[in-house]
Amino acid sequence: MQSGSATAQPSKQHTLGVALDYTASDFAERLSQLKAQGVSEVVIRLSALPSREAWQSLLEMAEASGLNWRLWLTNLPRTEGWTIAPERYRMAGNAEGVYALTVPDATRLLLAVSPRETPYLRLSTVLELSNGRALTAIGDTAESVLLLYPLRPNALPDLWDDWDAYRDALLSLLRHRAPTRGFRGWLLQSDWDILSVSTLPTSPLAQAEWQAYLRTRYPDLTELERAWDTSTKLERHEQAARLIPLWREGRGLPYLIAPDESVKPQELDANRSRFWEDWRAFLAERWRVLAAGLREMLTRYTPNADFTILQTAPDPAELPTPDAFADPQTPIGWYLPAARRDLWRMQMLLETLRRERTLEPLTTLILEWAGDDAERAWMFQTFAREMGIERVYWRGRLPEDAWRTLMQTDAAPDAPTLQPFPATLWGLTEIRRYRSGWWVPSAQPDLQPLLWGFEIHGFQKATEVRTLDAQGNLNITRQLELCLWVEEGEREITLRRFDRAPLTAFDLNGQAVRLEVRGDRVRLRVGATPVRLRGFQSEPICETSVEAWTARVGELFKQGNPTGQDARVLKFNFDNALSIYRRNPSQGFALLRTNWFEFERAFQPYCWLEAESARLHEFGTIRRDPAMSSGATLWLNTPMPIESASATYAFSLREAQAYTLWLAVRGVPSGSVEWQAVPAGEAEATPAAEGTAVLSAERAVARYADQCYWLPLGTATLKAGEYRLTLRWKPSAPQPPHYTEWDAILIAPPGVQPKHILPPAY
């Protein structure tokens, strides 16, 4: 896919401009400077609605500038609410039972105490905070967990009390004087994230709206009790509207309680309760209605202007926003702060892919200027055009030479071609650009991975081929498309098929791939550039994998018995599966693969641990993501001051030797890890090995999924036996928020190095 250009696509509309904050003192001078630099369009950011006189002056100066201009409304009202995030606001109990609580952005705290082993609501109380701090004594809570639910003053957009006042103030300004000459449109800033959609406002009007929604959705209270799985009978819908949950994202306590204690606490099954689905559906519906009303009002007074809802690009370190807020109407534009640029390319590709299916493309991107050199800024801008972004604005004071470079190298937006592959294979490849399009991970159900061993990667996709016969009748044929690649180098692969349909093959750079077809055998060469084969009517099997598995089993069998298992039994099972495969290849292939993997696992000299498998840990929660090893990570992101967070694992080793400990970290590695391996079953045992490692990207030996690093923690000489491994993460920054995310742990002998999310070769 080649990027378009202004000369090649003269009909393609695109804009390159500057976003600036409105300051009355130097506004006219700033507009003149931008016009002299060659800027044709500006976005004027309003952090607050101006007075009538300032509004009149702003419009006059903007219209007199000769520039095209837009207004960016970033001052939507916000309201206080109880934030339900037990995975990040939590503390371990202590024997003294005295706690200094610090939540800087809160005015009050709902404190819930639960035993560590058996989650139930031992007690709850509301504490007043002074400058975000409180000191409280609860008694003996050594074996307890404290969960904190802060009441934050600006926790979510106010869609109730202050919305009408904001809209009316804006309406008053428009009635006084509406924008005219050069005005192109409105940008409305809408910052919904996982915390704002997990907050319940205290406003009486918000509770009244919520109560009305529940009354409409569940006219019969019995239906509401069943949907929320409440433990006792509710007398009125008003009682339900006062309840707030104590759980979210799989963490917390399975209770609904009223902070004012006006309703009896409701114990429930958090996995069955539909409370969060109902609350977020209510919130999303309310936002859509109000945003549509605001749009109608603004476009009535500026009929030739467009209206764009702008969302801050999601933080890659944060939990994802629920599907209810991944709506085509919210947003259709992105604001990308400089702090979010670590994974900007991946985020925009995924968002472009998602919006390709909703037919609502991103149209606007505002990039924050952060002192980048012109070449790096040009890369951001060019990639935005390649993703089809029509309007790109730079926010901040760009040097004149940098702006000149950006303007001269700008190109018309492309309609990107996206080549999806299963998200489960993300750890085996990377996002790349080929001539045929961008290589993008996708959760589409029609993309099925092909499990053909560790060396050959691939997937299949069902397609429909429509053809006309000699009589002009339409024929629809179901076919399978295969996509195959290897990690490095090139390999000859032999496939066995069960149909005789004609086949075609090409790589993602558009080059034809030679196929050697003899009977039911298809032979081709596959390299690091994925090859696509089209025409199969049923799924073929890989003869090359069978040959590799058979040779591998024979090689391992010669090494003798693995510890604790009889290699002869494993070999007997494999030979039986091989005989079944030879009689009936289509049925025996999966059985043969299973027995080969059992053989591999019996002989592997390393220990592979999923980070989220820790039974005892002080992290926040488990974050689900199909791109990660085993589909999840161990995640911590807390605004509270912490000294460390630990996770403990059990593992066993088969032979005594030196082992290297590796940790897969997602995002930008930071802080340090102290580790300790202790013989299992000995409470006060002396550590068999311990060490400390700094987490930084410079120390990584491999990277995968465009977002994870494999880092060495240290080397330990260990005997055969059972061990308990404790990893303690210590943040490097003294002040919160503190973030880290772990995917997998590898304990391996020398010569074994991790590369991706599959067990390493040995």
Side-chain angles (χ1 to χ4, degrees), residues 47-48 74-92 99-112 124-136 145-162 166 189-203 206 244-249 251-252 257 259-260 279-280 283 311-322 325 335 337-340 618-621 635-643 645 670 731-740:
S47 57
T74 63
N75 57 324
L76 288 183
R78 297 182 74 85
T79 187
E80 72 171 11
W82 294 103
T83 296
I84 314 302
E87 78 284 349
R88 69 189 79 202
Y89 294 98
R90 54 187 289 140
M91 295 178 64
Y99 300 92
L101 305 175
T102 303
V103 184
D105 61 344
T107 57
R108 284 194 286 169
L109 280 179
L110 171 60
L111 171 64
S124 65
T125 185
V126 175
L127 303 175
E128 297 291 335
L129 299 182
S130 175
N131 297 322
R133 298 175 180 271
L135 184 67
T136 185
V145 175
L146 278 63
L147 300 177
L148 312 178
Y149 303 87
L151 182 68
R152 299 162 59 225
N154 297 304
L156 77 161
D158 188 349
L159 308 181
W160 303 278
D161 300 69
D162 291 339
Y166 176 84
Q189 184 73 30
S190 149
D191 280 334
W192 291 104
D193 57 18
I194 187 63
L195 284 183
S196 60
V197 301
S198 302
T199 298
L200 287 82
T202 59
S203 156
I244 68 172
L246 298 185
W247 82 94
R248 201 206 72 186
E249 302 298 336
R251 302 305 295 271
I257 72 168
D260 59 3
W279 171 253
R280 287 166 179 168
L283 208 58
Q311 172 77 28
T312 301
D315 186 346
E318 241 330 331
L319 297 174
T321 306
F325 282 81
Y335 168 54
R340 302 279 172 88
E618 297 166 348
F619 280 60
T621 189
W635 178 90
L636 171 70
N637 193 349
T638 177
M640 296 176 61
I642 62 169
E643 294 182 357
S670 66
S732 54
Q735 298 298 323
H738 300 306
Y739 162 75
T740 190

Note to self: When you compare the side chains of T74 and S47, does any donor N or O come within less than 3.5 Å of an acceptor on the partner?
What the structure shows: no

Next item on the list: Check the pair L110 / I244 against side chain to side chain contact (heavy atoms under 4.5 Å, CB included), numbers first and verdict last.
Entry: CA-CA 11 Å; L110 171 60; I244 68 172; 3.8 Å; yes

Next item on the list: Could you pull out the closest heavy-atom pair between G620 and L636, with the gap in Å?
Entry: N-CD1, 3.9 Å

Notebook entry, point to check: Do you know the tightest heavy-atom contact between L195 and A85?
Noted result: CD2-CB, 3.9 Å

Margin query: Could you check whether any side-chain N or O of R251 sits under 3.5 Å from a backbone N or O of E87, counting only pairs where one atom can act as donor and the other as acceptor?
Written below: no

Notebook entry, point to check: Hey, are E318 and R88 close enough for a salt bridge, meaning a charged N less than 4.0 Å from a carboxylate O?
Noted result: yes

Check: Is the shortest heavy-atom distance from the side chain of M640 to the side chain of T102 under 4.5 Å?
Finding: no

Next item on the list: Go through the steps for L283 and W192 under the test side chain to side chain contact (heavy atoms under 4.5 Å, CB included), then give the verdict.
Entry: CA-CA 11 Å; L283 208 58; W192 291 104; 3.7 Å; yes

Margin query: I'd like to check the side-chain contact (heavy atoms from CB on, under 4.5 Å) partners of A206; sequence neighbours left out, ordered by chain and number.
Written below: W160, P201, S203

Item checked: Worked check of side chain to side chain contact (heavy atoms under 4.5 Å, CB included) between T312 and D193 -> CA-CA 9 Å; T312 301; D193 57 18; over 6 Å; no

Next item on the list: Have a look at T79 and tell me which of D161, D158, N154 forms a side chain to side chain contact (heavy atoms under 4.5 Å, CB included) with it.
Entry: D158

Check: Can you find a side-chain donor-acceptor pair between R248 and S198 that sits under 3.5 Å?
Finding: yes

Notebook entry, point to check: Is there a donor-acceptor contact under 3.5 Å linking the side chains of N75 and Y166?
Noted result: yes

Check: More than 12 heavy atoms of other residues, nucleotides or ligands under 6.0 Å from CG of D260: is that the case?
Finding: yes

